[in-house]
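All residue numbers refer to positions in the sequence shown, counting from 1. Any value given below was found using the heavy atoms of this structure, including those in side chains, with hydrogens, waters and symmetry copies removed.
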Amino acid sequence: MAKNTVKLLDVVALIVDIPEYNLWRGQVGTVVELLADGAAFEVEFSDRNGRTYESVGLYPEQIMVLYFRPLAKVLGDR
């Protein structure tokens with residue numbers, strides 16, 4: 001993933017397993033804080049009721065941004 005493509009409040013999915021936090025590839029979270037001048041991100045993982053079950057700092061290469069509209073529109077908005 002290219003640097004600076006992840007923004008605050010982006011919905012992201014893990015692309016790696018992080019067993020020490022019981023987090024697995026495909027789990028979805030929300031970027032809640034930019035760390036180290038955007039070189040890392042605090043991602044919050046919540047259940048269907050909105051209760052946070054884990055919050056962990058991640059690097060861009062551990063996550064992918066999920067898009068909910070055509071990519072051309074998203075890239076035009078950035």
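Atom-to-atom distance recorded for Thr5:OG1 and Ile63:CD1 is 8.0 Å, nearest 0.5 angstrom. The CD atom of Gln27 sits 14.0 Å away from atom OH of Tyr21, with the distance rounded to the nearest 0.5 Å.
Phe45 places a side-chain heavy atom less than 4.5 Å from the side chain of Leu14. Side-chain contact between Asn22 and Glu54: absent, with no pair of heavy atoms (C-beta onward) separated by less than 4.5 Å. Counting only heavy atoms from C-beta outward, the side chains of Val11 and Val65 never approach each other to under 4.5 Å.
The minimum heavy-atom distance between Ala39 and Pro60, with the atom names listed, is O-CD, 3.2 Å. When all heavy atoms of Glu42 and Gly57 are compared, the pair lying nearest together is OE1-N, 3.6 Å. Summarising the geometry of Asp17 relative to Arg25, their closest heavy-atom pair is OD1-N, 2.8 Å, with the distance given to 0.1 Å. In plain terms, the two heavy atoms of Leu66 and Ala13 that are nearest each other are CD2-CB, 4.0 Å. Summarising the geometry of Ile18 relative to Gln62, their closest heavy-atom pair is CD1-NE2, 4.0 Å, with the distance given to 0.1 Å.
Checked by atom type and distance alone, the side chain of Asp10 pairs as donor or acceptor with a backbone atom of Lys7 at under 3.5 Å. Listed for the Asp47 side chain is a donor-acceptor partner under 3.5 Å among the backbone atoms of Asn49.
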Kindly determine whether Leu35 and Phe41 satisfy side-chain contact (heavy atoms from CB on, under 4.5 Å), including the steps that lead there.
CA-CA 5 Å; Leu35 305 172; Phe41 311 93; 5.8 Å; no
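In terms of hydrophobic clustering, with Ile, Leu, Val, Met, Phe, Trp and Tyr side chains grouped at heavy-atom distances under 4.5 Å, Tyr59 and Leu23 are assigned to different clusters. Residues Trp24 and Val12 do not share a hydrophobic cluster, defined by chaining ILVMFWY side chains whose heavy atoms lie under 4.5 Å apart. Follow the hydrophobic side-chain contacts under 4.5 Å out from Val32 and you never reach Val28; the two are in separate clusters.
Looking at Glu44 and Thr52, their side chains do bring a donor and an acceptor atom within 3.5 Å of each other.
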